[in-house]
Amino acid sequence: MKYLVLIEEDEDGNFIAECPTLPGCISEGKTRTEATLNIKDAIKGYLSSLKKHNEPIPPSIHEEVIEVNA
C-alpha cells in the first residue's frame, strides 16, 4: 500500500514525518532517512491497530507530480 507522507525539518534540525491519511500518525528522525524509516514503522503499526479493531483501512493513494512553468 502507498500513503502520502509529508516530511519537514523543524527548527532544531530534526525531521518530522506525518501521514495525513492516518490522523495522528507522526514520527521523527535526526535525518530524512531516519524519519522515513520511522514513519514506515508507524504506518505499519497504525494499520495493524485498525485491523485488530476491525476498522476500515484507508485506500492507497495514486499520486502524480505535475510540473508547470511559472
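Sequential numbering from 1 along the given sequence is applied to the chain's residues.
Within the 4.5 Å cutoff, no side-chain heavy atoms of Ile43 are placed close to those of Met1.
Closest non-hydrogen pair, Ser27 versus Ala42, comes out as CB-CB, 4.5 Å. Taking all atoms of both residues into account, the shortest heavy-atom contact from Ile16 to Glu28 is CD1-CB, 3.7 Å. Here the closest non-hydrogen pair linking Phe15 and Arg32 is CD1-N, 3.4 Å. The shortest heavy-atom contact between Lys51 and Ile57 is CG-CD1, 3.7 Å. Pro56 and Leu50 get closest at one heavy-atom pair: O-CD1, 3.8 Å. Of all heavy-atom pairs spanning Glu9 and Gly13, the tightest one is OE2-CA, 3.4 Å.
Ile26 and Leu47 end up in different hydrophobic clusters when Ile, Leu, Val, Met, Phe, Trp and Tyr side chains are linked at under 4.5 Å.
Heavy atoms of other residues, nucleotides or ligands lying less than 6.0 angstrom from CD of Glu8 number 12 at most.
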Margin query: Apply side chain to side chain contact (heavy atoms under 4.5 Å, CB included) to residues Ile7 and Ile39 and explain how you reach the verdict.
Written below: CA-CA 10 Å; Ile7 301 175; Ile39 195 66; 5.7 Å; no
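Between the side chain of Asn38 and the backbone N or O of Glu34 there is at least one donor-acceptor pair closer than 3.5 Å. In this structure a side-chain-to-backbone donor-acceptor pair under 3.5 Å is present from Tyr3 to Pro58. Judged purely by atom type and a 3.5 angstrom limit, Ser48 has no side-chain atom pairing as donor or acceptor with the backbone of Lys44. The closest donor-acceptor contact from the side chain of Asp10 to the backbone of Asp12 lies under 3.5 Å.
Considering Asp41, Leu22, Thr21 in turn, Leu22 is the only one that fulfils the side chain to side chain contact (heavy atoms under 4.5 Å, CB included) rule with Tyr46.
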